[in-house]
Amino acid sequence: NPLIVGLPAQLGSLAARLGVLAHFDNIGRGVIDLRDAIYFLSLAAVFLTLAFGGLMARKLAPGSLARRRLHLGTVLLVGTLVVVNLLGSYIGGRLDLTPGRAYTLSPATRDLARGLSDIVTIKVFASAELPAEISLMKRDLDDLLSDLRTAGRGKIKVVEKDPADNAEARKDAQSLGITPVQFNVVGKGSLQVKEGYLGLAVQYADGVEAIPFIRRTDDLEYRLAASIRSLTRTRKPAVGLLVADYGSGFTSHQLTEQLGKSYEVRTIALSDSTEPRPDLNVLAIVGAPDSLPAPARQRLEAYLRRGGSLLLMAAGAELNPQFPLARAREPLWNDLLKPYGVKIRPDLVYDLANNQLVPIPSEAGRVLAPYPFWLRAQPAGTSVVVEGVGEVFLPWASSIDTTGARAGTLTPLLVSSRLAGVAEGEIDINPTRQWPRFDLKPRLLGVMVTPQRSQGDTTQPAGRLILVGNSEFAGDRAVQGVPENLVFALNALDWLSQDEGLIRIRSRDRRPPALAFSGKTLQEGVKYANVVLVPVLVGCWGVLRLLARRRHALEPWRPLAGGAVEAA
């Protein structure tokens, strides 16, 4: 990599294509690409050809015609194999062996592409001279666009332009909001700063959504699918955001920005007598108010009875910003949740196993220590809402009581580890406090409820519900440090709006699955066996092979059986 970075752009791109690392990384992630297979086969053939030529040259006299022919044939064959190696990078075809086929278009994306009623144009603006590490990423982009074009069956058109050498393409890119990015390029003994393009724009009718610069490709399928669906929708569903605890400082700019691609986002207040309006599909409530006026509660109950869905994010404790204390109290929302049979308990959950590290003062300065009140919840069950989601960061979360829920209506979403307890009453939230170790067990922190209303019964809620015992996880402060929080919040809102197509795309996990070991001893044994044992075994085999050949060479010559008879 340092050598490639130090080369000029064109030469660096060629060296990257001939290098081993990029091809090995692609296979290492579980994708058997025909281009990589051709690369390794041709590379092996090059070294076999050189080895064969070296061995055969020992048997021929120096300067002889046969030896010159051998050298010429070896050079021509090696050159041909190098050309095959380079041309092989343009041959498509791959076998995806990753869990869930993460590098293959998901069925939801294929259905979206096949269901298009008109042509969607994807304009790619890419410079010919890109740094090696970015030109390798361009290959993944080309593969994804090729798969999309095939799935669209003529309804997805891909146009590629190079604005660096084309004034008209540069003007087109600027009009679509795609600007150049500066790269450091080393050449002729000097460091140069050059501009380059690697962005795209999705166009449908009069609508345009652009990605100015593609920094990563692991989430590109979701971003393209979200853009295509947003542009081709005739009407965006409406999502309302109600922040009930005005003094919490809660902000959700990142969540609102992502929701705006697929939904019409509205900010709602409890005092607004016109909300929730009949066209509102999903309502997200953050925090708990000090009081809930009867008219506001009646409007919310009417919203749920007519089929509106609700994402409720609230804790059963009130934090004191001046002192490291919290006071447990039952949220007013529990009365609204009675028909669902769930409620938020007045407590705070601490998890001694899965938690976040925080800096605390000590005699040696500030050190990082676990803070059990900032727990990392684990996905529970196999719901589509938590599919592909890792740990969700929940600071100061409360447990959920589901004893009143009807059978078949409730699905757990988030749960603590087995080493979790609860604190009630006046709660000391200081990180240096003592943590009780009695009554430790898994605590339920998030659930989803699908109510079963009897036919003709209009007094019970008909809308879906997701309840999370925390009011901070979808805010900017939590999302910035743990992106999984944003994925979980978006999945929850998609499920509540009964639009689950993007969930399966967004939640696709391209991280390699972790190896689970029953103990530290087994883990260390496997690690050192790979580092030490495998090379030792190969070396032992080589030594035994060498000894066997030497022993065979020292044996006296013996004629073949029946040789004397044949000679006679």
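Taking Trp495 as the reference, nothing meets the ring-ring contact (aromatic ring centres under 6.0 Å, His included) condition, with sequence neighbours excluded. Every residue was checked against the ring-ring contact (aromatic ring centres under 6.0 Å, His included) condition with Phe125, not counting sequence neighbours, and none meets it.
At a threshold of 4.5 Å between non-hydrogen side-chain atoms, the residues Pro276 and Arg299 count as touching. Under the 4.5 Å side-chain criterion, counting only non-hydrogen atoms from C-beta, Leu300 is not in contact with Leu310.
The line from CG of Leu414 to CD of Glu391 is 11.0 Å long, rounded to the nearest 0.5 Å. Note that CD1 of Ile178 is 6.5 Å distant from CG of Leu200, once rounded to the nearest 0.5 Å. Here the straight-line distance linking atom CD of Gln254 with atom OG1 of Thr256 works out to 10.0 Å at 0.5 Å rounding. A distance of 13.0 Å separates CE of Met448 from CG of Leu467, quoted to the nearest 0.5 Å. Rounding to the nearest 0.5 angstrom, the gap separating the CD1 atom in Ile122 from the OG atom in Ser227 is 9.0 Å. Atoms CD1 and CD1, on Ile119 and Ile156 in that order, are 10.5 Å from each other to the nearest 0.5 Å.
With no hydrogens or angles considered, no side-chain donor-acceptor pair links Asn281 and Ser497 at under 3.5 Å. Under the 3.5 Å distance criterion, with hydrogens and angles disregarded, no donor-acceptor pair is assigned to the side chains of Ser417 and Asn354.
Within the structure, the salt bridge (charged side-chain N to carboxylate O under 4.0 Å, His left out) test picks out the following pairs touching residues 143-156 (sequence neighbours left out): Arg35-Asp143, Arg94-Asp147.
Within a 6.0 Å sphere centred on CD of Gln523, heavy atoms belonging to other residues, nucleotides or ligands number more than 12.
Of the charged side-chain nitrogens involved, at least one lies within less than 4.0 Å of a carboxylate oxygen, so that Lys138 and Glu160 count as a salt-bridged pair. A salt bridge links Asp279 to Arg266: at least one charged side-chain nitrogen sits closer than 4.0 Å to a carboxylate oxygen.
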- Task: Take Asp476 and Thr251 through the side-chain hydrogen bond (donor to acceptor under 3.5 Å, both in side chains) test and state the conclusion after the steps.
- Result: CA-CA 6 Å; Asp476 292 329; Thr251 58; 3.0 Å; yes

